[in-house]
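What follows is a set of notes on a single structure, which appears directly below.
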Amino acid sequence: MKHKKINFWPGIFIGPHLILFLIFFLAPAVFGVCIAFTDWDLYSTPIFVGLDNFKTILFDTESIYHEQFLNGVKNTLLFVAMEVPLCIIVPLFLAVMLSARPFLHKFYQSLIYLPTLFAISAVMIIWGFQLSLSYGPFQEWFGLDVNLTATQPWAWIAIVVVTLWWGAGGNMIIYVAALNAVPKEQLEAAQLDGAGNVARFFKIILPNIRSQILFTTVMTTISQFNIYGQPLMLTSGGPNNSTRVLMMYIQQNAFGTGISTAGMSAAMAVLLGLIIMVFSSIQFVMNRKSNA
């Protein structure tokens, strides 16, 4: 009877990643969920309080945490509603333009993708300088006499535009690859039937890249719900907390000045995770119905 040889190579390659995933992602996530049911200040022993943190955040109208949660969710949803469609439509438009292979299209593709390689802190420092009322070139070029990061609606416009500039390249690369995989014979057949560019885009191209659009939509939605660095470094949550998103409140309560309320912050984070799951599920269901 022959014994099957055990192939250790897959485990050797997957093992390090799996170990790091367990240590730096899964374990902290489980720990954070557990902490959400406690009263903890990061130093003393956590005290189990059950659902009290969630009740306070969701229903105690006199609690500062309830007010923070509502304002944070409102601002986060506002940003997601503005940013996600742009992060899908603009990269798709750029990918369609590049798929026509204009002169220096590889250079333009690299140039658009380049900002995604920068750290968020570097991006915000660069744009903070550009938009500064005191010495920013935008003020001089356009003759603006308004602080673009401390006045609404300019503060939100600045955050949305900078985020789009920073992240559009990632989705664009996915769409470029998807467009290159669209069957040429389908496009040629549609062209012979008299279909114009617009008709071919909606009847041939979009159905063929539907899965890539769903993937980028879900992943973009998840990433934009976790917005933190842009309003923190660009507007400091102002003016009047109008750009202070939920992640900023979570960080502030857990690691800000004063007594830490890590349990309350963890509860807010759990609720944010549930909101993301709901929106992602809705997107999957809508896509499945549209394919039916």
Side-chain angles (χ1 to χ4, degrees), residues 20-80 83 119-125 128 149-150 155-156 159 162-163 166-167 219 221-280:
L20 292 175
F21 173 80
L22 293 174
I23 295 175
F24 293 104
F25 181 81
L26 186 60
V30 173
F31 179 74
V33 172
C34 294
I35 290 301
F37 298 93
T38 68
D39 180 11
W40 190 41
D41 61 0
L42 294 180
Y43 301 102
S44 59
T45 303
I47 301 173
F48 181 76
V49 295
L51 296 175
D52 286 355
N53 290 338
F54 296 95
K55 292 178 182 178
T56 300
I57 292 170
L58 294 174
F59 306 114
D60 188 354
T61 56
E62 297 182 358
S63 171
I64 184 63
Y65 303 110
H66 175 77
E67 180 182 344
Q68 289 177 350
F69 182 76
L70 291 183
N71 187 61
V73 169
K74 180 194 70 173
N75 292 335
T76 302
L77 288 175
L78 178 60
F79 172 77
V80 169
E83 189 67 32
I120 184 63
S121 55
V123 172
M124 292 305 110
I125 290 173
T149 60
W156 270 126
I159 293 174
V162 171
T163 304
W166 178 49
M219 297 306 295
T221 301
I222 293 173
S223 64
Q224 304 309 345
F225 262 109
N226 287 283
I227 178 178
Y228 174 70
Q230 298 94 308
L232 177 69
M233 298 188 66
L234 204 60
T235 65
S236 299
N240 300 320
N241 291 328
S242 60
T243 60
R244 187 172 293 274
V245 294
L246 188 56
M247 283 295 294
M248 295 178 69
Y249 285 117
I250 293 173
Q251 187 278 336
Q252 171 187 319
N253 290 326
F255 306 107
T257 58
I259 299 176
S260 171
T261 53
M264 199 67 69
S265 293
M268 288 186 181
V270 169
L271 291 173
L272 176 60
L274 292 176
I275 293 172
I276 294 174
M277 291 175 60
V278 169
F279 274 84
S280 300

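Below, each value reflects all heavy atoms present in this structure, side chains not excepted, and no hydrogens, waters or symmetry copies.
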Given the rule in the side chain to side chain contact (heavy atoms under 4.5 Å, CB included) test, do I159 and I227 qualify, once you have shown the distances and angles that lead to the verdict? CA-CA 10 Å; I159 293 174; I227 178 178; 4.1 Å; yes
Only one of L271, V270, L70 forms a side-chain contact (heavy atoms from CB on, under 4.5 Å) with I57, so which one is it? L271
State, with a plain yes or no, whether a side-chain heavy atom of T221 is found less than 4.5 Å away from one of I276. no
Can you check whether M124 reaches I120 side chain to side chain, under 4.5 Å on heavy atoms? yes
Closest non-hydrogen contact found for G238 with A155 is O-CB, 4.2 Å
Using the test side chain to side chain contact (heavy atoms under 4.5 Å, CB included), find all partners of A266 that sit at least two apart in sequence or belong to another chain. I35, A36
Take Q68 and N253, measure what side chain to side chain donor-acceptor pair (under 3.5 Å) needs, and give me the verdict at the end. CA-CA 10 Å; Q68 289 177 350; N253 290 326; 2.8 Å; yes
With sequence neighbours excluded, residues passing ring pair (Phe, Tyr, Trp, His ring centres under 6.0 Å) with F59: none
Sorted by first residue and then second, give each side chain to side chain donor-acceptor pair (under 3.5 Å) pair with at least one member in residues 230-240; sequence neighbours left out. T163-Q230, T235-T243
Any pair with a residue in residues 228-275 that passes ring pair (Phe, Tyr, Trp, His ring centres under 6.0 Å), sequence neighbours left out, goes on the list, sorted by first then second residue, please. none
Nearest 0.5 angstrom please: I250 CD1 to M248 CE, how far? 11.5 Å
Working note: N241 + N71, criterion side chain to side chain contact (heavy atoms under 4.5 Å, CB included); need CA distance, chi angles, decisive distance, verdict. CA-CA 8 Å; N241 291 328; N71 187 61; 3.9 Å; yes
Applying side chain to side chain contact (heavy atoms under 4.5 Å, CB included) to V123 and not counting sequence neighbours gives F118, W127, V162, W165, W166
Strictly distance-based, threshold 3.5 Å: is any side-chain N or O of W156 a donor or acceptor partner for the main-chain N or O of S242? yes
Of all residues at least two apart in sequence or in a different chain, which pass the ring pair (Phe, Tyr, Trp, His ring centres under 6.0 Å) check with F31? W40
For S63, the side chain to side chain contact (heavy atoms under 4.5 Å, CB included) test, sequence neighbours excluded, returns T56, D60, Y65, H66
Within a 6.0 Å radius of atom CD1 on I259, are there more than 12 heavy atoms belonging to other residues, nucleotides or ligands? no
Test of understanding: with ring pair (Phe, Tyr, Trp, His ring centres under 6.0 Å), list the residues that count as partners of F279, not counting sequence neighbours. F225
Rounded distance [0.5 Å steps], CG in N75 versus CE in M247: 14.5 Å
Between CG of L232 and CD of Q251, what distance do you get to the nearest 0.5 Å? 7.0 Å
Under the ring pair (Phe, Tyr, Trp, His ring centres under 6.0 Å) rule, collect the residues that match up with F54, sequence neighbours excluded. F37
According to side-chain hydrogen bond (donor to acceptor under 3.5 Å, both in side chains), who are the partners of T76, at least two apart in sequence or on a separate chain? none
Using a 3.5 Å distance criterion without hydrogens, assess whether the side chain of D39 forms a donor-acceptor pair with backbone atoms of G263. no
Taken in chain and number order and not counting sequence neighbours, the residues that satisfy side chain to side chain contact (heavy atoms under 4.5 Å, CB included) with A254 are S265
Would you please test T38 and I47 for side chain to side chain contact (heavy atoms under 4.5 Å, CB included) and show each step? CA-CA 5 Å; T38 68; I47 301 173; 5.8 Å; no
Just grab all the side chain to side chain donor-acceptor pair (under 3.5 Å) pairs involving residues 44-55, residues at least two apart or on different chains. D41-S44
